[in-house]
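Residues: numbered from 1 along the sequence shown.
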Amino acid sequence: MAVRSADDFHRTGSIRREPSQGFALKGFGKAALALTVSATALVLTGSAFAQETQLPGIDVQGAQAKKSSAAKKKSKPAPVQAAETPQTPPPAPTYGGNQAAKIDAPYSTPAGVSVAGQGEIQTFGQTNVQDVLRAMPGVSTADDPNNPGIAVNIRGFEGEGRVNTTIDGVRQNFRFTGHTASGFAYVDPLLLASIEVQRGAVSTAGGAGALAGTADLRTIDVDDVLKPGRDYGATVISSWGSNGVGFSEMGAGAIRSGAVSVVGAISKHNVDDYDNGLGQRVPYTDQDLISGLAKVHIQIDPEQRLSFGTVLYNNDFTANSYDQNIDSKIYTARYTYDPIGNDLIHFQAGFSGSDLTMKYDNGVDGASAAAGRKINDLGLGFDVQNTSLFNLGGIFVKSNYGYEYFHDDVDASNRFDPEAKGGVNPSGDSTIRGAFSETTFSKSIFDFIVGLRYDDFSLKGSGDVFVDTINFGGGFFYTPTLPSFLTTGPYSVDRSDGGFSPKLTLAIKPVEWFQPYVTWSNSFRAPTVSETLLGGVHPQTGGDPTQFAPNPYLEPETQTGWEFGFNSKIDGLFKPGNSFRFKGDYYTMDVENYITASTVDPFGLLWFYANNPGTSKVEGVELQGTYDAGYFFAGLSYSHNHTTLPSQLDGLGLHSYLPGDIATVTGGVRFFDERLTVGARAYFVSNSQSGDLNSDLFNDPAFYDGYSVYDLFSNYKVTDDIDVGLTVSNLTNVAYTPALSAGPSGANAPDETGRGRTFLLTTKAKF
């Protein structure tokens, strides 16, 4: 057991002790999920569902699609420089769609960027969307077999906002303390159009507080639903899967009429418990999910546009030993002003809201102490930004700059035991603000990118510090020792802090097909409500209770790092029409004030969060690439990492060490004029560990065995409008536990929680 003293804490900010004050939080009202725009189309398909005809970085549409894309590129006018005046109106705006361009973009970006398109999400992510993220280099997830949420891990950093995860650009800051990851984002994979991940510091919008990177989950929009050239239509998806996957249906409809474009979608899943590779049932892995979305775009005039959207998610499942319900509502509004002939103004302003409530119902296997618990996070934010293009003494300049703000009200309560409040989950308020700029100076073969952020945060909350005497039996009583800065009784916290986060990148393109780059960056993450205001007693019916205390003096985590990488894009490598894409990087990060659970109690009965002294080193290599020859395609993702970060304590978050080596290999062939695609994917994972804090005298640091999982996938284009496909995941039915896994709920749960062999039959139709 690691023991740290109170001297490891840094005292900053202000703390005021007074009687605790409660508050009531009013969230958004219940929003209807009855989006009927596509309900009629749902009955037109059978019980099957096909993947989109694209895989990440691989255009399975083949040579014909490439020729069409090349023709469009040739016909597109050259970018207008600041001194020029456009001779023709700008092209009509698009909403979603253009997946090929987005998937290809990382290979022109001097940063650790990966994009997964709708094809990969629907092929490999329908049973578990985390499989899509885990196929990206340097990226994983904190896997909970019972909880359907997504907790993104980048380069071994996970939880408490270290990775800023957004849905349609809206921060997902919901966090809680339990025997799993410290927070999740909730989204239906059938409503996803793409997943975009940037590893490392981010100096543009979304980078505030993101110590290790960002992950944006973008939902479908008008052009993801409509057939090319159509102004109205529908997309319907239906699927059936073995091994508990069951039936899923999604219907979406869209229409474009004059200046208005509208899209709506609804999705339903009925998921049962699944079996692992040994045929053992993994209990409480069922779900009852219904979700939907609606988006409206209004083209006010050729220069101005308004957009509104909502994404709704409601799911019943069992996790953390309780039946739970997640009710998530996301709202967006965005205004765009793009005056014709003025490259100095490309202005955007947006408002966002996120209202997520987690409710605990009945417990399983005798659990009862947390029944009736409710945790609500109401987040409201906005951003304003502008992009200017101009020439400066023969140097082309592109500058993006703006301001972002997001505020969270967290309210945790326990209906059946009001004195327990939210158990160890505190209530409080937090605010993140950031002014940012990123400017690219381009001259000849050189690009010099200067990024600078100033971010600050504020945090408020109150509670009671209470430490109970523990009876070990035989008349031996013990009271855990509080950290030196705390005494028992009510307290309140009101503190703020801030700082600059610079980022510099130099990229060189000596030849058209090769671009090396080097980046230096600095970023920081503010402490959260969960870390600062932690408190209470672990619910249990027997034995010595584990107790928790707040730490209002937590310092922000900081990192300073270097990244050396390259991009390579070659068309016609071996013959005309084929494409080769590859990128790689080496990164190294020095991390200070890393926050983990700590104790000054020799029996380990009192825990709190603390800044670890000293500097930790994180470094690794990331590779990703694709090759597509039309009749044949292949892809590779690989990451190797090494870290000296202190270990996270399971129960106050989750262990976050990535396996030392992870590789994903994809390959396939196309037949019958590329109407039939058949392929396979292999996922290789080395050993990993959970860390010293999760071991004791009778249990060495837990090492998780490495494993290899193989998938098959196929797609047949029956007509131009209907695709049918079959995917077989875990083909060899291997028994394994995914890396970074939380323990399963249920007294009789098996040790191996990886899903066994599963068949997924799919149909997708566009009308």
Side-chain angles (χ1 to χ4, degrees), residues 56 112 114 116 120 123-125 127-145 150-158 163 180-181 195 197 199 212 215 274 276-278 282 584 587 618-625 634-643 645 647-648 650 654-667 680-691 694 701-713 727-744 750-758:
S114 298
E120 185 183 13
T123 301
F124 301 113
T127 56
N128 189 350
V129 72
Q130 299 179 76
D131 291 342
V132 178
L133 286 153
R134 287 172 171 245
M136 296 178 177
V139 181
S140 189
T141 58
D143 184 84
D144 186 330
I150 302 169
V152 182
N153 182 307
I154 293 180
R155 297 174 174 175
F157 295 89
E158 185 273 323
V163 176
T180 186
I195 299 175
V197 174
R199 302 177 292 275
Y274 66 81
N276 66 11
L278 299 174
V282 182
Y587 64 88
V618 180
E619 58 183 342
V621 174
E622 299 163 339
L623 304 173
Q624 67 186 73
L636 170 69
S637 168
Y638 170 77
S639 58
H640 170 80
N641 76 93
H642 173 73
T643 180
L645 286 174
S647 60
Q648 298 285 349
D650 287 359
L654 192 66
H655 57 279
S656 60
Y657 292 137
L658 290 179
D661 296 277
I662 307 172
T664 303
V665 181
T666 305
R681 185 175 80 160
Y683 184 61
F684 305 102
V685 181
S686 69
N687 294 346
S688 59
Q689 64 166 312
S690 68
N694 300 309
F703 283 89
Y704 296 92
D705 293 334
Y707 54 91
S708 301
V709 178
Y710 304 92
D711 303 329
L712 293 180
F713 60 91
T727 300
V728 185
S729 59
N730 195 358
L731 177 67
T732 58
N733 207 28
V734 64
Y736 71 102
T737 295
L740 285 79
S741 283
D751 293 332
E752 309 288 358
T753 59
R755 182 182 290 272
R757 184 187 298 115
T758 303

Undergrad: Looking only at atom types and distance, does a side-chain atom of Thr758 sit under 3.5 Å from a main-chain N or O of Gly756, one as donor and one as acceptor?
TA: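 Between the backbone of Gly756 and the side chain of Thr758 there is a qualifying donor-acceptor contact (under 3.5 Å).
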Undergrad: Taking Glu752 for the side chain and Thr737 for the main chain, is one N or O donor matched with an acceptor at less than 3.5 Å?
TA: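 Yes.
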Undergrad: Quick one: does Asn641's side chain have a donor or acceptor within less than 3.5 Å of a partner on Pro659's backbone?
TA: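 Between the backbone of Pro659 and the side chain of Asn641 there is a qualifying donor-acceptor contact (under 3.5 Å).
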Undergrad: State whether the side chain of Ser637 and the backbone N or O of Ala135 hold a donor-acceptor pair below 3.5 Å, judged by distance alone.
TA: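 Yes.
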Undergrad: So do Tyr657 and Ser688 actually touch side chain to side chain, heavy atoms under 4.5 Å?
TA: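 When only atoms from C-beta onward are counted, Tyr657 and Ser688 do not touch, as no gap falls below 4.5 Å.
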Undergrad: With no hydrogens and no angle check, is any side-chain donor or acceptor of Asn687 less than 3.5 Å from a backbone partner on Gly706?
TA: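 Yes, because the side chain of Asn687 sits within donor-acceptor range (under 3.5 Å) of the backbone of Gly706.
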Undergrad: Is there a side-chain contact between Tyr736 and Asn276 (heavy atoms, below 4.5 Å)?
TA: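 A side-chain contact under 4.5 Å is absent here.
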Undergrad: Please say whether the positively charged group of Arg134, taken as NZ for Lys or CZ for Arg, lies over the ring of Tyr683, i.e. under 6.0 angstrom from the six-membered ring centre and within 45 degrees of the axis.
TA: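 The answer is no, since Arg134 fails at least one limit relative to Tyr683.
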Undergrad: Which is it for Thr666 and Phe713 under the side chain to side chain contact (heavy atoms under 4.5 Å, CB included) test, yes or no, and what are the steps along the way?
TA: CA-CA 10 Å; Thr666 305; Phe713 60 91; 4.1 Å; yes
Undergrad: Do any N or O atoms from the side chain of Asn153 and from the backbone of Leu658 form a donor-acceptor pair under 3.5 angstrom?
TA: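 The answer is no, because no donor-acceptor pair under 3.5 Å joins these two groups.
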Undergrad: Can you establish whether the number of heavy atoms outside Asp751 located under 6.0 Å from its atom CG is more than 12?
TA: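 12 or below, so no.
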Undergrad: With distance as the sole test, does Ser729 use its side chain to make a donor-acceptor pair with the main-chain N or O of Asp711 at under 3.5 Å?
TA: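 No: the side chain of Ser729 does not pair with the backbone of Asp711.
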Undergrad: Decide whether a cation-pi geometry holds between Arg199 and Tyr587; the criteria are a distance under 6.0 Å from NZ or CZ to the six-membered ring centre and an angle within 45° of the ring axis.
TA: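 The answer is no; the distance or angle limit is not met.
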Undergrad: Could you tell me whether the side chain of Tyr274 and the main chain of Thr753 form a donor-acceptor pair under 3.5 Å?
TA: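 A pair under 3.5 Å: yes.
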Undergrad: By side-chain contact (heavy atoms from CB on, under 4.5 Å), which residues pair with Asp144, not counting sequence neighbours?
TA: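 For Asp144 the side-chain contact (heavy atoms from CB on, under 4.5 Å) partners, ignoring immediate neighbours, are Asn146, Asn147, Thr180, Phe184, Ala742.
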